Amino acid sequence: MTVDTRQPSRTTTPVLLYAAQAVAAVGMAAGGSAGGILATDLTGSTAAATLPLGAIALGATVAVLPVGAAMRWRSRKAGLLLGLLTAVVGAVTVVGGARLADLPLVLAGNALLGAGNTAVMFGRYAAADLVPAGARTRAVAAALTAASVGAVLGPNLLGPAGGLASAAGLPASAGLYLLAVPAFGIAALLVARLPTPTTPPAEAGPRTAPAARIGLPPVPVLVLGGANATMVTMMAVAPPAMHHHGWDLGTVGAVVSLHVAAMFGFSPVTARLCEAFRAVPVAVAGAVLSAGSALGAGLTAARPQLGVPAAGFLLVLGLAWNMQLVSGTVLLLARTPQGARRWAEDLGEIIMGTAAVLGTFLAAPLLDVAGLTGVAVAAFALNAGTALAVSRSRDNRP
């Protein structure tokens, strides 16, 4: 029997990457949509709602180190595979923890699941590598748009997956984690079909100074960090609050899917805005929208009679995150020397993850003391400060 050893063509390579992004995003949706609800179900306390997403953010941050190292010294493919396969183990661990009603095991699994999020987020940089420098903005947008397919589908499966989980003797809120196992596995198989470079990346040379020595540009740090802290924190507290106040799982899933659709699906438009008006004004506009939508969501999400406004605010929050992510990524690529790009990518992801970890874990006691409104006010203040600082930056490149 003859084994087909042909590598995918240059035409099919981006398609494989984008398909992997879409499928992996189905698995990525598990923590964001169901994690807080599962923790609330296991503990009976909404104060535990932020913990799974916080664990995912922590795991994603830690995963940047091995995944980024694999990309620098081996290839993009090696790093993506490492993140996706680790996420498979994480999803299986969460399912086991749900069956045993063991919250620490569930949190440990979510931390491992975070490596899948890291792989999806690094996918935008992998896409930028496939095109000339002038086309990077649109390549980043294409990778995020591909992720939107799975990211939107995932939350809408919250209800049906809950029935599957119940039939398997699991809490209904563990259903999306069941689907995350094959989702990340299929994504890994798609990535495995990508061509393997014959030589390591040029940036991996021993004479290349890491970005930490060069200095990471402050504007993208503010934009990316503030965006992720706000979005992850608000989405850790809003869906469990909705469910706790009478929203059924299907409705919560639909609202989250709208939010996620805006998070990723608006990317082509954001890319055009960055090209037409430059990235800095787009970043400022994103921070302003994030401030207003976070405050609005905090005031309405716990009130079922305000379901339509709450859904609208969460949709705008996703749009604001997209504007900040795309513009922040463009700024990071433009303001970092080519030889230090992959070091800067690692540090940028670490900053995003660290901001999300701090936001979710600080939100837990704030939620207990001041409720959802208190968390929303803190998010408003963070983004108002980000908008002011970025708008006053003297460096307006690009």
Side-chain angles (χ1 to χ4, degrees), residues 25-41 46 49-50 52-53 56 117 144 147-163 165 171-177 179-180 227-228 230-267 289-323 325 356 359-360 363 367 371-373 375-376 379-380:
V26 174
M28 189 174 72
S33 302
I37 297 172
L38 177 59
T40 301
D41 288 346
T46 56
T50 65
L53 208 48
I56 288 176
N117 288 23
L144 293 174
S148 72
V149 176
V152 172
L153 176 63
N156 280 303
L157 297 175
L158 190 59
S173 49
L176 280 186
Y177 288 100
L179 297 184
N228 222 37
T230 303
M231 188 277 297
V232 174
T233 301
M234 290 304 299
M235 293 312 294
V237 297
M242 292 174 174
H243 186 53
H244 181 71
H245 287 86
W247 300 51
D248 62 79
L249 285 177
T251 304
V252 173
V255 171
V256 173
S257 72
L258 287 174
H259 164 80
V260 174
M263 279 178 62
F264 294 99
F266 198 72
S267 299
L289 282 177
S290 187
S293 58
L295 185 60
L299 294 173
T300 59
R303 297 171 172 84
Q305 69 273 23
L306 297 177
V308 173
F313 283 124
L314 290 177
L315 187 149
V316 175
L317 181 65
L319 167 61
W321 180 84
N322 179 270
M323 294 174 70
L325 179 70
T360 52
L367 186 66
L372 187 57
T373 301
V375 176
F380 175 87

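Both backbone and side-chain heavy atoms feed into the values below; hydrogens, waters and symmetry mates do not. Computed from a prediction, not measured in an experiment: that's the story for all the values here.
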Point to revise | Heavy-atom closest contact (H259 atom, G318 atom, distance) | key: ND1-N, 3.4 Å
Exercise for review: State the OG1-CG distance between T300 and L372, to the nearest 0.5 angstrom.
Suggested key: 8.5 Å
Practice item. Can you measure from CE (M28) to CD1 (I56) and round to the nearest 0.5 angstrom? Key: 10.0 Å
Check your understanding: Taking atom CG of L325 and atom CZ of F266, what is their separation to the nearest 0.5 Å?
Key -> 13.5 Å
Point to revise | Residues which pass side-chain hydrogen bond (donor to acceptor under 3.5 Å, both in side chains) with N117, listed by chain and number, not counting sequence neighbours | key: none
Practice item. Specify the closest pair of heavy atoms between L295 and F380, including all atoms of both residues, with the distance to one decimal. Key: CD2-CD1, 4.1 Å
Review point. What's the shortest heavy-atom distance between A39 and P52, and which atoms?
Key: CB-CG, 3.5 Å
Point to revise | Non-hydrogen side-chain atoms of T233 and V375 separated by less than 4.5 Å | key: yes
Review point. Are any of the side-chain heavy atoms of W321 and N228 separated by less than 4.5 Å?
Key: yes
Practice item. Taking all non-hydrogen atoms of both residues into account, name the closest pair between Y177 and G35 and its distance. Key: OH-CA, 3.2 Å
**Study point:** Distance (rounded to the nearest 0.5 Å) between L258 CG and L314 CG
**Key:** 9.0 Å
Study note, to complete from the structure: Heavy-atom closest pair (A376 atom, A294 atom, distance to 0.1 Å) is CB-O, 3.3 Å
Revision key, fill the gap. Shortest non-hydrogen pair, A320 vs S290, comes out as CB-N, 3.4 Å
Exercise for review: State which residues pass side-chain hydrogen bond (donor to acceptor under 3.5 Å, both in side chains) with S293; sequence neighbours excluded, sorted by chain then number.
Suggested key: none
Review point. Hey, are the side chains of L144 and M263 touching, using non-hydrogen atoms and a 4.5 Å cut-off?
Key: no
Review point. When rounded to the nearest 0.5 angstrom, what distance separates CG in L289 from OG1 in T230?
Key: 12.0 Å
